[in-house]
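Heads up: the structure comes next, in structure tokens.
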Amino acid sequence: MVFMLRRYSIHLILALAGGAIVYSADQEYLGLYTLSVLMFMGVNVILSTSLNLVNGYMGEFSCGHAGFMAVGAYVSSLLGVWLFAKDRVFGVPLLDPGYALYAFPVLILIGGVAAALAGLLVAVPSYKTRGDYLAIITIAANYIIISAIENIGAIGGSRGFMGMKRLVNSMEDVVDLPWMPIWVIIFTILSVWVIRRYVSSTFGKGVSAICQDEVAAEIMSVNTNKIKTVTFMLSSGIAGIAGGLFAYILGYVNPGSFNILKSTEVLVMVYLGGMGSLSGSILSAILFTILLELLRPLQIIKWIVIPLLLIILMQFRPEGIMGNRELGDLFPRLKKLYRFK
Amino acid sequence: MLESFLQNVINALQWGSFYALIALGYTLVYGVLTLINFAHGDVFMVGAYIAFFISTFFLTTLGLPGWVALALCIPLTMILTSLVGVTLERIAYRPLRKKGAHRLYVVITALMCGLILEHANLAILGASRKAFPPLIEVQVYNIGGVTFTNLKIAVIVTAFLVFLFLQWVVTRTRVGMAMRAISYDNFAVPLMGIPLDQIIVVTFILGSGFAGLAGLLFAMSYPVLEPYMGALIGWKAFIAAVVGGIGDIRGAFLGGFLLGAVEIMVVAFFPSTFRDLISFTVLLAILTWKPTGLFGIAKTTKI
Amino acid sequence: MMAQTLAQTENAPVLEIRGLTQQFGGLTAVNDFNVKLTPGGLSGLIGPNGAGKTTVFNLVSGFYQPTKGQIFIDGVPTAGLKPHKVTALGVARTFQNIRLWNDMTVLDNIRVAQHYRLGYGFFHSIARSKRYQQREDEIAKEAAELLEVFDLQRFALDVPKNLPYGTQRKLEIARALSSHPKLLLLDEPAAGLNSSDVQELIRLIRWIHKKFDVTIWMIEHHMDVMMELCTQIKVIDFGQTIAEGTPETVRNHPAVITAYLGDDNI
């Protein structure tokens with residue numbers, strides 16, 4: 001019994017928490033505002049954990065994460081609206097909006113795949129380039145993606161693209177449940193779970209090996225180019241998933257939301273949590289989202305207070321909240337209570 | 001055809017001068033500390049604002065003639081801006097360095113400092129743009145269909161002088177020698193009796209001072225100031241520095257002009273919205289082809 | 001495939017190098033180097049600092065592509081292969097300056113060296129398929145066994161950077177052996193060890209040589225180590241082979257003495 005509890009404790013907690021959120025959303029205990037904050041929390045968790053894969057585990061310095069997010073957001077939004085919603089750009093929906101509910105996860109995943117392909121923009125140069133030079137390539141990739149979207153007038157250019165709300169509504173028409181929170185919860189758990197499984201496999205440990213000594217990794221038979229490609233594509237693909245969710249939560253997207261400032265935000269979450277610590281990234285994504293909301297009344301001052309807080313925090317904990325440890329390493333007793341694989 | 005080409009060359013030189021001046025600051029700091037000082041673009045912005053306040057003060061409050069105001073404005077802007085740079089180093093970067101924090105945490109701190117500079121400006125001065133007062137009378141020359149102004153020439157000449165000066169400092173002076181020594185091995189340098197912190201401060205003074213000068217020149221050329229003006233130009237200048245080969249003065253200079261040229265040429269042949277797209281694609285291609293930049297030396301891993 | 005099977009007949013050289021030349025810019029680091037290592041041998045490569053010894057090792061392990069010449073591992077040419085492919089052919093090595101993955105546990109250091117025969121890829125690692133489970137179990141079991149054989153099991157969950165220097169050396173050799181090499185390249189294994197550690201290292205290498213049935217080729221500056229262990233020694237200086245033979249021949253070879261001590265001392 002105890003063994004069963006330990007084995008499934010994480011599943012149980014997640015199911016309970018997720019269920020509680022969905023239930024309270026459905027019963028309208030949670031206001032729209034709280035709900036949207038919770039959803040952005042999920043999106044931020046996905047973003048920070050996926051960036052941690054590259055910046056923490058692999059030790060590269062990617063500063064263009066928002067670019068991949070943009071690819072996922074646009075691809076899943078355009079595809080969704082084209083197929084399932086009436087819209088100025090595409091006209092009548094191609095398919096019955098009633099199918100939107102079932103197609104939604106596929107749409108998000110297709111966005112992820114597109115973002116993963118965009119990740120090749122960074123993965124291929126990474127074979128030969130490392131460190132700060134690769135950082136530039138990621139910044140350039142972010143600018144290139146944003147700039148390309150801005151220059152396609154058909155999808156709204158810099159004004160942005162909308163119509164995703166209709167899709168969300170038609171999902172709720174089919175089965176009356178708060179579908180967006182449900183999808184966000186599912187994809188958040190899925191993303192963290194995938195990353196966790198990847199980095200804990202012998203295959204994925206190649207990522208840390210590259211980080212710590214790339215020469216030794218290559219010579220000890222790690223196919224470094226392959227691992228880099230997989231890691232960059234996984235990281236950007238998951239960012240694409242976050243982008244897709246982000247677009248559907250907001251109901252509209254514009255290239256400006258995925259600029260280098262957004263990338264900086266994600267960077268901050270990763271380094272705040274600690275490089276190479278998944279639980280750190282999750283924790284800091286949650287804290288950061290709350291902090292942003294708490295300080296919202298300060299308006300512009302917010303963007304002075306937050307960086308200042310971060311600077312001060314870094315002076316005291318220069319390795320982030322968790323360093324490179326996980327929750328279980330910090331509180332060994334917790335390990336008895338769960339098994340996470 | 002030739003005129004329009006020459007015209008574009010002049011425009012590219014002037015536009016590239018700003019990138020070059022800012023890129024020099026990035027490269028100096030990077031060369032010494034291997035720190036990407038992401039606040040540098042915002043230091044440039046602060047420089048422009050400092051220049052704005054100083055020149056308005058001299059022109060309107062004291063009623064000095066334009067050339068006197070300019071003559072006073074140049075050194076004052078450079079000094080005050082370098083103070084900003086040194087302050088950042090002193091209160092934000094140095095403590096982290098002393099604690100031996102991971103290099104990237106210092107980079108994040110720099111990013112945060114940049115955000116603070118931008119938004120503090122926004123909070124204090126408001127979102128309205130500031131119009132920079134004309135300090136000198138702009139004269140337009142026209143030689144064989146190519147037009148240019150005295151200001152443009154001044155900008156280009158300044159960029160070249162700054163380059164020559166910094167190249168001299170780095171290659172010919174004791175301070176420069178110490179800088180190169182630190183960039184080569186910052187562990188052994190203090191053991192050799194070189195005051196590490198002082199050299200770093202000098203580096204920041206030089207870098208930020210010239211960013212201030214760039215801010216002043218930029219404000220004179222494009223007399224509208226806004227708090228975000230440093231962000232994009234800063235990122236781009238940084239990329240220019242890397243394309244040139246970061247840590248190398250010549251690289252930063254060349255990279256700046258290269259970026260300027262690419263942008264001007266793009267605007268000459270394509271809609272101006274394509275500027276970022278094409279120029280960043282060109283830079284990405286250059287870095288893929290030459291991963292350590294044009295002047296960068298590939299560090300070979302010793303096994 | 002055919003060529004491979006032909007080459008793998010009895011007593012075919014584990015490593016054959018023909019006319020190997022490596023130039024860096026104008027500098028010729030290795031010049032017309034030839035060697036044949038028969039299976040089961042324990043041979044050495046010596047030479048003064050900067051003679052090009054490590055360059056030879058780097059070429060064999062695929063880290064550099066040679067300017068001229070060919071390298072065959074068990075009869076298979078390695079031209080154009082990336083290092084991880086060369087390792088998969090059966091070459092493992094250690095480094096002059098220990099290159100362990102310092103923040104990964106000792107166990108993981110051994111596990112990652114199994115990448116060449118992992119037998120599963122990204123999607124298996126996510127789906128935790130049957131094949132994944134099976135391979136991971138095998139890898140974990142083998143790694144544990146190897147650590148036990150090397151008497152390192154008590155450090156299994158420590159990180160290498162916290163281990164004593166001698167133990168790190170040992171771990172690096174264990175990691176190299178975990179890839180089941182036919183040829184083990186040891187690059188100055190005794191560097192930085194004190195004399196009692198060196199004695200232990202000699203025993204260790206001799207034991208490995210027997211137990212793992214592996215051909216060993218080593219670079220070392222400690223002459224006593226070389227004299228005691230190696231049956232064949234090759235001496236190079238400025239990339240040129242200047243002498244080869246048994247330890248005794250090499251020790252008294254005039255060119256070797258000149259290379260090490262200079263002309264005037266003779």
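So you know, we letter chains A, B, ... as the sequences are listed, proteins then strands, and number each from 1.
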How far does [atom1] of [X] sit from [atom2] of [Y], to the nearest 0.5 angstrom?
{"X": "A/Phe203", "Y": "C/Phe123", "atom1": "CZ", "atom2": "CZ", "answer": "10.0 Å"}
{"X": "A/Tyr127", "Y": "C/Lys82", "atom1": "OH", "atom2": "NZ", "answer": "9.5 Å"}
{"X": "C/His124", "Y": "A/Arg197", "atom1": "NE2", "atom2": "CZ", "answer": "13.5 Å"}
{"X": "A/Lys205", "Y": "C/Met104", "atom1": "NZ", "atom2": "CE", "answer": "7.0 Å"}
{"X": "A/Ser200", "Y": "C/Glu136", "atom1": "OG", "atom2": "CD", "answer": "8.0 Å"}
{"X": "A/Asp213", "Y": "C/Asp103", "atom1": "CG", "atom2": "CG", "answer": "11.5 Å"}

Decide yes or no for [X] and [Y]: does some side-chain heavy atom of the first lie under 4.5 Å from some side-chain heavy atom of the second?
{"X": "A/Val222", "Y": "C/Tyr116", "answer": "no"}
{"X": "C/His115", "Y": "A/Ile227", "answer": "yes"}
{"X": "A/Ser201", "Y": "C/Arg128", "answer": "yes"}
{"X": "C/Asn109", "Y": "A/Met220", "answer": "no"}

Review point. Taking atom types as modelled and ignoring hydrogens, do the side chains of C/Gln114 and A/Thr202 form a donor-acceptor contact shorter than 3.5 angstrom?
Key: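 No donor-acceptor contact under 3.5 Å links the two side chains.
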Point to revise | Side chain, backbone, both or neither of A/Leu234 within contact of chain C (heavy atoms, under 4.5 Å) | key: side chain
Check your understanding: Of the backbone (N, CA, C, O) and the side chain (C-beta and beyond), which part of A/Val230 lies under 4.5 Å from a heavy atom of chain C, both, or neither?
Key -> side chain
**Study point:** Test item: C/Trp101 side-chain N/O and A/Gln212 main-chain N/O as donor-acceptor pair under 3.5 Å
**Key:**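 Between the backbone of A/Gln212 and the side chain of C/Trp101 there is no qualifying donor-acceptor contact (under 3.5 Å).
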Review point. Would you say the side-chain atoms of A/Ser221 pair up with the backbone N or O of C/Ala88, donor to acceptor, closer than 3.5 Å?
Key: no
Exercise for review: Give, as side chain, backbone, both or neither, the part of C/Ala140 having an atom under 4.5 angstrom from any heavy atom of chain A.
Suggested key: neither
**Study point:** Portion of C/Ile126 that has a non-hydrogen atom of chain A nearer than 4.5 angstrom
**Key:** both
**Study point:** Between C/Arg175, C/His84, C/Glu172, C/Arg117, the one whose heavy-atom pairs under 4.5 Å with chain A are most numerous
**Key:**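 Looking at each of C/Arg175, C/His84, C/Glu172, C/Arg117 in turn, C/His84 comes out on top.
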**Study point:** Atom CG of C/Asp137: over 12 foreign heavy atoms under 6.0 Å
**Key:**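 Above 12, so yes.
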Practice item. Write down the atom of C/Pro83, the atom of A/Ile219, and the distance for their closest heavy-atom approach. Key: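 Here C/Pro83 and A/Ile219 meet closest at CB-CG1, 4.0 Å.
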